[in-house]
Protein chains: 2
Amino acid sequence: MPTPARTSTEAIVDAGRQILEDRGLEALTMQSVARAVGVRPPSLYKHLRGRDDLVRRIATRAAEELGAHLEGAVQGRDPDADLAALAAAYRSFALANPRAYALLFAPGPDDWRIDAELNVRLSTPLLATAERLAGPSDALSAARTAVAWAHGFVSMELAGAFRLGGDVEAAFSYGVRRLIAAVDARPSSPAGI
Amino acid sequence: MPTPARTSTEAIVDAGRQILEDRGLEALTMQSVARAVGVRPPSLYKHLRGRDDLVRRIATRAAEELGAHLEGAVQGRDPDADLAALAAAYRSFALANPRAYALLFAPGPDDWRIDAELNVRLSTPLLATAERLAGPSDALSAARTAVAWAHGFVSMELAGAFRLGGDVEAAFSYGVRRLIAAVDARPSSPAGI
DNA sequence: ACCTGAACACCGTTCAAGT
DNA sequence: ACCTGAACACCGTTCAAGT
């Protein structure tokens, strides 16, 4: 006789993400998640393929949120202002969701990787802005330069890797400014005069 | 009665690093390492505090090698050539030692982090080059911009995160060129003329 | 002084049995 | 159709006992 589900994939992923952010990836066990949603560990396998599947779903949800966050940041006027806004939005998301963010580029099992379609969505706002700033032929390289810098900066910041003192905030705004100038190839830009 | 050691910390770290690079962090277990050096798992605790300690020692050794690699890359003539050489050396080390490299900025337990002194040594070649290129007041921010970009680029490359096609090699050399121009503040540089 | 088997507390996962 | 206890194969780690 059918019995109603006592939990759901949605609730499981929510609980898992909370545990991840609160206590770290090590603490994200099938036991801790099961306890959080009020079932026994074996029941989780009716909703997920296993722990790797859970981690991938958490990463996917975080990537979707980051995508929406980035889409909300572009205004569509000055591409240099848009690139600065994208960088700030990127960093603010990472600082607000450090452990879920770390999952996005984690060198984990392939099962953790977000799918190609979502990757495209994640790239689109930056790629469009980079094209307006650097021109069509350099758009992809410019976007890669920008995202590499942004990801490197926030992942080092989150890892506590800026350990020589100084002002990390200042280094971020310095980086944004220099990066924008570096990829700006518009005829009207200072470098072109 | 004392019995001679059948293995050594050195041999254990060597074996651990090999396993890490060959089969990944998951496969780096006390059992696999013990088997590789020819003892039983409990014996490892006479040489290490535990698995976290082993991982930290592997990361430390990799960081020392990376430091030497970077020190060997600077020529001390043109700072722009030095920065390009540092970027290339950084990337070549990461591509040759992907899993050990990933450990360096991994968001793992604090026990994994390399010590402050080694961090200074790791930073020195870049910081000196950045100072010659960007001037004393911007040296730290310029160095952070450069290392953020380099780390972000190689970690995304290693994670397989550049998935939109195009030429990753071209994106790297584009990034190096633009980054150098961006932080170059020398009076004789084009931007200053 | 180092190595070992046995033991402990934990993991992820499977599966037959319950409702 | 979902949930559960019991079981299995693994893990890191501890410790008394061996040499």
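Residue numbering restarts at 1 for every chain, and letters A, B, ... go by the order of the sequence lines.
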- Judged by nearest nucleotide, the residue sitting upstream toward the 5' end of DNA chain C, B:H47 or A:D52, is B:H47

- Task: Look at all strands and tell whether B:T29 reaches a base, only sugar-phosphate, or nothing, counting heavy atoms closer than 4.0 Å.
- Result: sugar-phosphate

- Message: Under 4.0 Å, counting only non-hydrogen atoms across every strand here, what does B:T7 touch: a base, just sugar-phosphate, or nothing?
- Response: sugar-phosphate

- Item | B:Q31, nearest nucleotide to its side chain (from C:dT14, D:dT13, D:dC11) | D:dC11

- Atom pair distance, as rounded to whole Å: CZ in A:R40 and C1' in C:dT19: 16 Å

- Task: Would you mind reading off the distance between A:Y45 atom OH and D:dA6 atom C1', rounded to a whole angstrom?
- Result: 15 Å

- Do B:V183 and B:D138 have side chains that get closer than 4.5 Å, going by heavy atoms? no

- Message: Expressed as a whole number of angstroms, how long is the span from A:R35:CZ to C:dG12:P?
- Response: 11 Å

- With respect to the side chain of B:V39, which nucleotide from C:dC3, C:dT14, D:dC2 is positioned closest? C:dC3

- B:L48 atom CG is separated from D:dT14 atom P, nearest whole Å, by 12 Å

- Between D:dC10 atom P and B:L28 atom CG, what is the distance in whole Å? 18 Å

- Message: Rounding to an integer number of Å, can you tell me how far B:M30 CE sits from C:dA9 P?
- Response: 20 Å

- Could you let me know what C:dG18 is paired to, Watson-Crick or G-U wobble, both distances under 3.5 Å, or none if it's on its own? D:dC2

- Message: Only pairs with both distances under 3.5 Å count, Watson-Crick or wobble alike; so what is the partner of D:dG12 in this structure?
- Response: C:dC8

- Message: I need the CD-C1' distance between A:E26 and C:dC11, as an integer number of Å.
- Response: 12 Å

- Query: Nearest to the side chain of B:K46, which nucleotide is it out of C:dC11, C:dC2, D:dG12?
  - Reply: C:dC2

- Query: Which nucleotide in the list C:dA6, C:dC3, D:dG12 gets nearest to the side chain of B:P42?
  - Reply: C:dA6

- Message: Are A:L122 and A:E64 packed together at the side-chain level, in the sense that at least one heavy-atom pair is separated by less than 4.5 angstrom?
- Response: no

- Message: Applying the side chain to side chain contact (heavy atoms under 4.5 Å, CB included) criterion to B:V33, which one of B:T7, B:V39, B:L44 satisfies it?
- Response: B:L44

- Distance in angstrom units between A:R51 CZ and C:dT14 P, rounded: 15 Å

- Query: With a 4.0 Å cut-off, would you call A:D52 and A:R56 a salt bridge?
  - Reply: no

- Ignoring backbone atoms, test whether B:S43 places a side-chain nitrogen or oxygen under 4.0 Å from the OP1 or OP2 oxygen of C:dC2. no

- Item | NZ/NE/NH1/NH2 to OD/OE distance under 4.0 Å, B:E65 and B:R17 | yes

